[in-house]
Amino acid sequence: MSELPLLLRRFPELAPHFPWTPLLPEVPTPVTFLPELGLWVKRDDLACPRYGGNKARKFEWILGELKAQKKQHFLTFGGLCSNHCTAAAIYGRAAGLDVTLCFVPTPLQENEYKELLLQAHLGARQVLLGPGTLPLLRLPRVPPAGSTVAGVMGYVNAGLELAEQVRQGCLPNPELIYIAVATKGTALGLAMGLALSGLEPLPTLIAVETVTPAWQRARLFLPTPQRALQRLRALSPEAQRRLPESVTALACESRKGFDQEPLGIVSAPVLAALRQAQALGLTLDTHFSARAWAALQADRGQWQSKRVLFWHTHGQAPAEDLTAAEESGVRLPPALERAAQQALRRH
């Protein structure tokens with residue numbers, strides 16, 4: 001039997017309320033030092049050989065909750081380029097649940113098209129969002145990016161994990177942690193976990209905004225991190241003592257400047273960041289993690305004398321799995337194939 005995650009071991013009163021299912025064999029994820037730049041990297045891309053990244057951590061808790069509720073099928077949403085949908089297909093199958101993926105058109109790159117084929121190869125049902133998808137809303141739903149209270153717990157646990165690695169001497173206590181954000185559940189969950197850990201001094205998260213201001217405003221209608229914080233405070237006296245009443249009081253600062261271009265538009269600084277990281281052995285994506293790396297490099301003059309950690313959140317399917325899906329002859333549903341081909345032509 002897998003050992004319980006740190007969150008449930010440190011705060012056992014939470015266990016009845018936050019079911020968990022083990023999916024990730026490589027947790028705790030390693031931290032590596034890059035002497036060329038004088039910074040550390042938290043390698044969540046290595047959380048699991050099947051598919052790493054921040055969505056992998058979330059699905060241990062999302063699927064744990066669905067299984068505890070005896071659900072056999074769930075519906076989730078994303079763009080054509082969604083790494084969340086790929087993670088849902090991979091981990092949903094691993095947990096024995098049927099998965100339906102509902103897509104909206106977005107820019108698409110060739111490697112992301114291959115992930116659509118992988119999703120189909122794994123047995124996920126794929127549909128384009130439209131009037132015909134309304135009956136599917138009867139299924140249990142997981143919001144885009146896994147932004148549920150259960151999903152946030154994946155990064156609350158990650159904050160405790162990092163604090164434990166600091167105490168074990170795996171890395172010095174970072175002063176700054178750079179991390180890509182879209183819905184902000186990952187960053188604010190991490191900030192909660194660090195606050196719960198008692199680590200002193202507390203690192204400051206630099207949450208690099210990767211979605212446009214319009215999408216940032218839309219987050220106001222998804223106050224999931226605040227609900228997660230309130231639930232932790234309500235269920236645990238220790239959490240009530242360590243956590244503030246509002247997520248706005250957590251040690252997390254927004255870093256703008258790389259949030260003006262919509263998905264699919266790759267600026268020169270982001271492209272340079274992508275290539276620099278690749279030369280250092282880090283595979284990033286143009287939509288999210290490369291924007292965070294670009295912000296990190298743009299700020300280098302401000303942090304060069306500080307202890308800095310970059311949190312690697314990108315997930316990627318193994319090349320052999322993508323090849324197997326291509327060679328299987330699997331096809332996308334016709335409407336989705338048309339949307340994907342249109343997106344590829346625009347790229």
Side-chain angles (χ1 to χ4, degrees), residues 44 53-55 57-58 76-85 87 102-108 112 129 141-149 151-152 154-156 158-159 176-194 204-230 244-270 273-274 284-299 302 310-315:
D44 270 14
N54 63 331
K55 302 301 183 289
R57 284 190 186 269
K58 292 182 178 184
T76 195
F77 310 85
L80 296 174
C81 61
S82 171
N83 59 356
H84 164 71
C85 286
C102 190
F103 293 96
V104 296
T106 58
L108 189 68
E112 294 162 343
L129 182 65
R141 296 186 298 277
V142 175
S147 293
T148 70
V149 169
V152 170
Y155 270 84
V156 177
L176 301 174
I177 300 174
Y178 277 73
I179 189 167
V181 299
T183 65
K184 242 179 176 179
T186 293
L188 291 173
L190 180 58
M192 289 180 223
L194 289 168
T204 297
L205 266 72
I206 307 299
V208 180
E209 297 284 5
T210 63
V211 294
T212 61
W215 281 104
Q216 293 170 40
R217 290 191 291 273
R219 283 198 306 244
L220 297 174
F221 299 98
L222 285 171
T224 306
Q226 179 64 31
R227 292 201 300 267
L229 182 145
Q230 290 171 338
E245 293 183 2
S246 171
V247 293
T248 59
L250 291 167
C252 185
E253 301 176 1
S254 287
R255 167 62 161 93
K256 297 181 181 290
F258 292 87
D259 56 346
Q260 298 303 310
E261 295 88 359
L263 291 183
I265 304 299
V266 185
S267 67
V270 171
L274 194 74
L284 307 180
D285 70 294
T286 58
H287 307 305
F288 305 108
S289 56
R291 296 187 186 201
W293 186 269
L296 172 75
Q297 296 309 312
D299 294 349
Q302 302 172 34
F310 177 79
W311 203 293
H312 193 336
T313 56
H314 178 49

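The first residue of the sequence shown is numbered 1, and numbering continues consecutively from there.
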Legend entry - Check: Gln226 side chain, Val247 main-chain N or O, donor-acceptor pair, under 3.5 Å: yes
Inset, instruction - For residues Thr224 and Thr183, determine if any side-chain heavy atom of one lies less than 4.5 Å from a side-chain heavy atom of the other. - result: no
Legend entry - Donor-acceptor under 3.5 Å (Ser289 side chain, His312 main chain): no
Legend entry - Over all atoms of both residues, closest heavy-atom pair of Gln260 and Pro213: NE2-CG, 3.9 Å
Inset, instruction - Please lay out, stage by stage, how His287 and Glu112 fare under the test side-chain hydrogen bond (donor to acceptor under 3.5 Å, both in side chains). - result: CA-CA 11 Å; His287 307 305; Glu112 294 162 343; 2.8 Å; yes
Inset, instruction - Measure the spacing between CH2 of Trp293 and CG of Leu274 and express it to the nearest 0.5 Å. - result: 11.0 Å
Inset, instruction - Enter the distance from Ser246:OG to Leu229:CG here, rounded to the nearest 0.5 Å. - result: 7.5 Å
Inset, instruction - Show your reasoning for whether side-chain hydrogen bond (donor to acceptor under 3.5 Å, both in side chains) applies to Thr313 and Asp44. - result: CA-CA 6 Å; Thr313 56; Asp44 270 14; over 6 Å; no
Inset, instruction - Find out whether Met192 and Leu250 are in side-chain contact, i.e. whether some heavy atom of one side chain is under 4.5 Å from a heavy atom of the other. - result: yes
Legend entry - Heavy-atom side-chain proximity of Asp259 to Val211 below 4.5 angstrom: no
Legend entry - N/O donor-acceptor pair under 3.5 Å between Asp299 side chain and Gln297 backbone: no
Legend entry - Side chain proximity check, Phe77 to Ser82, heavy atoms < 4.5 angstrom: no
Inset, instruction - Report yes or no: does Thr148 contribute a side-chain atom to a donor-acceptor pair with the main-chain N or O of Gly151 at less than 3.5 Å? - result: yes
Legend entry - Under 3.5 Å: donor-acceptor pair, side chain of Lys58, backbone of Ala145: yes
Inset, instruction - Give a yes or no on whether the backbone of Phe288 and the side-chain of Asp285 come within a donor-acceptor separation of less than 3.5 Å. - result: yes
Legend entry - Where Lys184 and Ser254 come nearest, the two heavy atoms and their spacing: NZ-OG, 2.9 Å
Inset, instruction - Look up atom OG1 in Thr204 and atom CG in Leu176, then write down how far apart they are to the nearest 0.5 Å. - result: 6.0 Å
Legend entry - Nearest non-hydrogen partners of Val152 and Pro225, listed with the distance: CG2-CA, 4.5 Å
Legend entry - Expected output: side-chain Arg291 to main-chain Val181 donor-acceptor under 3.5 Å: no
Inset, instruction - Provide the closest heavy-atom pair for Ala187 versus Cys252 in the form atom of the first, atom of the second, distance. - result: CB-SG, 4.3 Å
Inset, instruction - Tell me, with the steps shown, if Gln216 and Lys256 meet side-chain hydrogen bond (donor to acceptor under 3.5 Å, both in side chains). - result: CA-CA 11 Å; Gln216 293 170 40; Lys256 297 181 181 290; 2.5 Å; yes
Legend entry - Beyond-backbone contact of Leu190 with Ile179, side-chain heavy atoms, under 4.5 angstrom: yes
Legend entry - Separation of Thr106 OG1 from Leu263 CG (nearest 0.5 Å): 6.5 Å
Legend entry - Residue pair Leu194 / Leu205, side-chain heavy-atom distance below 4.5 Å: yes
Inset, instruction - Hey, could you give me the CG/SG distance between Leu108 and Cys81, rounded to the nearest 0.5 Å? - result: 7.0 Å
Inset, instruction - Provide the closest heavy-atom pair for Ala294 versus Pro269 in the form atom of the first, atom of the second, distance. - result: CB-O, 3.9 Å
Legend entry - Ring-face cation contact, Tyr178 with Arg255, 6.0 Å cut, 45° max: no
Inset, instruction - Side-chain contact test, heavy atoms from C-beta onward, threshold under 4.5 Å: evaluate it for Phe258 versus Thr210 and give yes or no. - result: no
Inset, instruction - Kindly indicate whether the side chain of Pro143, heavy atoms from C-beta on, has any atom under 4.5 Å from the side chain of Thr76. - result: no
